[in-house]
J.: 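For reference, the structure I am asking about is given below.
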Amino acid sequence: MRNYWLLNVRLENGYIYNENTVVGTETKIQHIRIEAGKIAEITNVLPEGDYDSYDAKGMLMLPSFKEMHIHIDKTYFGGAWRAVRPVTSIFERIKEEEKLLPELLPTAKGRALHMLETVLNYGSTHVRAHTNIDPSIGLKNLEVTVEAFETYQNKLSHEIVAFPQHGLLRSNMVEEVRQALRNGATHVGGVDPSSVDGDIERSLNTIMDLAVEANAGIDIHLHDGKEAGLKTLQKLADLTEEAGWKDRVTVSHCFALADMSPTDFKEISRRFAKLGISVASTVPFGKIIMPLPELNESGVPVYLGTDSINDHWSPFGNGDNLEKAGLFAELYGNSTEQKLSQTLGFITGGKTPLNQKGEQVWPKIGDEANIVFVEASCSAEAVARRSHRKAVIYQGKLVAGNDKD
């Protein structure tokens with residue numbers, strides 16, 4: 001792996017205060033040596049001698065992004081525009097999939113590659129993809145997803161969730177999910193153990209059994225709210241604790257958190273924080289406003305993701321996780337310099353150049369060189385303005401930008 005210098009890099013090194021209020025971000029120009037895919041040296045002295053180098057020309061350096069919830073195996077993206085067909089329930093949409101997914105299969109890989117290229121150019125160098133495992137498609141969408149990630153193996157890291165969209169129990173996909181975990185999937189998925197599978201306890205027990213058997217993570221879709229949603233979360237926490245699956249469980253969407261009582265929310269948040277159960281969200285707004293800031297303040301890991309990009313479930317989405325961070329900031333009123341800059345952590349796996357106190361915590365010597373350069377003066381501006389991504393580096397290698405040579 002080639003070693004080189006990044007010259008004239010703009011790094012954040014502290015907040016600017018006025019009467020104990022953060023009013024700006026201080027930056028400085030530094031030079032960074034990349035060695036074996038990691039950050040090996042940071043200095044303000046221009047290096048001497050003969051060396052390979054790239055001039056960042058004062059661009060702001062940020063940690064690259066993590067796309068933590070996306071479906072790359074079933075999409076219209078890259079093809080002709082299509083809006084969604086109206087349905088009245090998830091079961092009508094599932095019925096639509098039974099016919100649609102086999103029709104999309106011949107072009108699925110090309111569209112998946114197009115989606116990966118899109119999220120990469122927007123700055124994401126890690127992708128967690130949910131891929132359908134269902135009676136209409138079997139493991140064929142998994143094969144497409146694995147092949148797409150193999151094409152991008154030197155450009156980004158990935159995780160694959162074996163997702164029984166039509167219900168793990170309802171569609172009798174237990175053995176197929178087990179096979180998926182032997183053939184590239186890293187996580188066990190699930191969807192609405194109450195309303196789709198019809199049996200919260202049996203559904204979640206089966207999911208956990210599969211995960212323990214394969215030593216895999218868990219990431220389930222939960223749209224159920226009210227009592228069913230609360231019972232699902234309580235049971236999932238119980239199983240996570242019993243199995244010792246700390247830091248290995250994610251609940252995607254988790255709409256139940258938006259309509260439970262303050263007492264129940266406090267208890268679920270406490271347990272999730274203790275067990276390292278994370279929540280992946282697309283930052284919904286309208287009928288549902290998720291309590292994402294409160295979750296984060298309670299110590300629950302909160303990640304953002306695109307979900308769909310123009311498929312039969314939704315016509316929206318563009319693959320830009322910085323756009324998601326900006327939407328988060330707008331929705332929850334994170335309009336100050338400090339709050340905007342800290343919002344970046346929701347799309348980087350928790351990494352921000354400055355911590356809450358304004359101390360520089362990234363980059364450090366030894367950090368992986370997973371980097372995105374943006375045309376902004378600071379991370380607060382990048383989040384607020386969704387600043388243009390100029391270049392993306394993964395493990396020290398330039399993987400997206402104006403010049404990839």
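What you see is a predicted model, and the numbers here were worked out from it, not measured in a lab.
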J.: Going by distance alone, is a donor N or O of one side chain under 3.5 Å from an acceptor N or O of the other, for D311 and S308?
T.: yes

J.: Just by distance, with hydrogens left out, do D238 and Q234 show a side-chain donor and acceptor under 3.5 Å apart?
T.: no

J.: Measuring only between side-chain heavy atoms, which start at C-beta, is I160 closer than 4.5 Å to F149?
T.: yes

J.: Is it the case that the side chains of D134 and N132 hold a donor-acceptor pair, with the cut-off being a distance below 3.5 Å and no angle test?
T.: yes

J.: Run the side-chain contact (heavy atoms from CB on, under 4.5 Å) check on M68 and H126 step by step: do they pass?
T.: CA-CA 8 Å; M68 292 301 288; H126 180 81; 3.9 Å; yes

J.: Looking only at non-hydrogen atoms, find the nearest pair between G190 and F163 and report the distance.
T.: O-CE1, 3.6 Å

J.: Is there side-chain contact between Y303 and E67, with at least one heavy-atom pair below 4.5 Å?
T.: no

J.: Taking T232's backbone N and O only, do any of them form a donor-acceptor pair with D224's side chain (distance below 3.5 Å, no angle check)?
T.: no

J.: What do you reckon, is CD of E201 surrounded by more than 12 foreign heavy atoms closer than 6.0 Å?
T.: no

J.: Output the distance between atom CD (E337) and atom OG (S379), rounded to the nearest 0.5 Å.
T.: 7.5 Å

J.: Does NZ or CZ of K397 lie under 6.0 Å from the centre of the six-membered ring of Y394, at an angle within 45° of the ring axis?
T.: no

J.: Could you tell me whether the side chains of E96 and W313 share a donor-acceptor contact shorter than 3.5 Å?
T.: no

J.: Answer whether the closest heavy-atom distance between the side chains of I220 and L236 falls below 4.5 Å.
T.: yes

J.: Within a 6.0 Å radius of atom NZ on K287, are there more than 12 heavy atoms belonging to other residues, nucleotides or ligands?
T.: no

J.: Go through the steps for N8 and K57 under the test side-chain contact (heavy atoms from CB on, under 4.5 Å), then give the verdict.
T.: CA-CA 5 Å; N8 302 309; K57 299 179 181 179; 5.8 Å; no

J.: What I want to check is whether the side chains of N370 and S64 have a donor and an acceptor closer together than 3.5 Å.
T.: no

J.: Would one find more than 12 heavy atoms of other residues, nucleotides or ligands at under 6.0 Å from atom CZ of F91?
T.: yes

J.: Determine whether a donor-acceptor pair (N or O, by modelled atom type, separation under 3.5 Å) exists between the side chain of Q342 and the backbone of L354.
T.: yes

J.: With salt bridge (charged side-chain N to carboxylate O under 4.0 Å, His left out) as the test, would you mind laying out the steps for E98 and K95 before giving the verdict?
T.: CA-CA 5 Å; E98 292 173 358; K95 188 68 177 175; 3.5 Å; yes

J.: Look at R271 together with E241 and state whether they make a salt bridge at an N to O cut-off of under 4.0 Å.
T.: yes

J.: Looking at L304, L327, N334, which hits side chain to side chain contact (heavy atoms under 4.5 Å, CB included) with T343?
T.: N334

J.: For the pair L168 and I207, evaluate side-chain contact (heavy atoms from CB on, under 4.5 Å) and give the outcome as yes or no after the intermediate values.
T.: CA-CA 8 Å; L168 180 64; I207 288 170; 3.7 Å; yes

J.: Run the ring pair (Phe, Tyr, Trp, His ring centres under 6.0 Å) test on Y122 and F65 for me, step by step, so that the C-alpha distance in whole Å, both residues' side-chain angles and the decisive distance to 0.1 Å come before the verdict.
T.: CA-CA 9 Å; Y122 278 131; F65 310 148; 9.5 Å; no

J.: How far does OG of S194 sit from NZ of K231, to the nearest 0.5 angstrom?
T.: 8.5 Å

J.: Taking D73 for the side chain and A112 for the main chain, is one N or O donor matched with an acceptor at less than 3.5 Å?
T.: no

J.: If only side-chain N and O atoms count, and only distance matters, is there a donor-acceptor pair under 3.5 Å linking N183 with R178?
T.: no

J.: Going by distance alone, is a donor N or O of one side chain under 3.5 Å from an acceptor N or O of the other, for R10 and S377?
T.: no

J.: Under 3.5 Å, is there a donor-acceptor pair between the T21 and N18 side chains?
T.: no

J.: Give a yes or no on this: more than 12 heavy atoms of other residues, nucleotides or ligands lie within 6.0 Å of atom CZ of F316.
T.: no

J.: Is the closest side-chain heavy-atom distance between T186 and V161 below 4.5 Å?
T.: no

J.: Taking R270 first and then E267, would you say they form a salt bridge - that is, a charged N and a carboxylate O separated by under 4.0 Å?
T.: yes

J.: Nearest 0.5 Å, what's the OG1-CD1 distance between T118 and I70?
T.: 8.5 Å

J.: Could you check whether N141 and K74, counting side-chain N and O atoms only, form a donor-acceptor pair closer than 3.5 Å?
T.: no

J.: How far does CH2 of W362 sit from CD1 of I39, to the nearest 0.5 angstrom?
T.: 5.5 Å

J.: Got K66 and T348 here, is their nearest side-chain heavy-atom distance under 4.5 Å?
T.: no

J.: Applying salt bridge (Lys or Arg N to Asp or Glu O under 4.0 Å) between E323 and each of R385, R389, R386, report the one that passes.
T.: R386

J.: Determine whether more than 12 heavy atoms belonging to other residues, nucleotides or ligands lie under 6.0 Å from atom CD of E227.
T.: no

J.: Is the shortest heavy-atom distance from the side chain of I72 to the side chain of L116 under 4.5 Å?
T.: yes

J.: Is the NZ atom of K235 crowded by more than 12 outside heavy atoms at less than 6.0 Å?
T.: yes

J.: What is the ring orientation for H69 with H71, classed by angle as parallel under 30°, tilted 30 to 60°, or perpendicular over 60°?
T.: perpendicular

J.: Are the side chain of W81 and the backbone N or O of P315 linked by a donor-acceptor pair below 3.5 Å?
T.: no

J.: Can you see which heavy atom on A237 is nearest to which on L275, and at what distance?
T.: O-CD1, 3.4 Å

J.: Students often mix this up, so state it plainly: with edges at 30° and 60°, are the rings of H221 and H223 parallel, tilted or perpendicular?
T.: tilted

J.: Using the ring of each side chain (for Trp, its six-membered ring), is Y76 parallel, tilted or perpendicular to H312, with breaks at 30° and 60°?
T.: tilted

J.: When you measure from the side chain of D197 to the backbone N and O of D199, does any donor-acceptor pair fall under 3.5 Å?
T.: no

J.: Ignoring hydrogens and angles, tell me if any N or O in the side chain of T107 forms a donor-acceptor pair with the backbone of L104 under 3.5 Å.
T.: yes

J.: Please lay out, stage by stage, how R128 and T250 fare under the test side-chain hydrogen bond (donor to acceptor under 3.5 Å, both in side chains).
T.: CA-CA 11 Å; R128 180 182 290 185; T250 300; 3.1 Å; yes

J.: Among V45, T43, L6, find the residue that satisfies the side chain to side chain contact (heavy atoms under 4.5 Å, CB included) test when tested with H31.
T.: T43

J.: Might you point out which heavy atoms bring S53 and Y4 nearest each other, and give the distance in Å?
T.: N-CB, 4.5 Å

J.: Yes or no on side-chain contact (heavy atoms from CB on, under 4.5 Å) for Y54 and L7, after CA distance, side-chain angles and deciding distance?
T.: CA-CA 6 Å; Y54 294 95; L7 304 178; over 6 Å; no

J.: For a 4.5 angstrom cut-off between non-hydrogen side-chain atoms, does F328 reach L292?
T.: yes

J.: Would you kindly say whether S124 and N321 are connected by a side-chain donor-acceptor distance under 3.5 Å?
T.: no

J.: Assess, by modelled atom type and distance only, whether the side chains of N13 and E26 contain a donor and an acceptor separated by less than 3.5 Å.
T.: yes

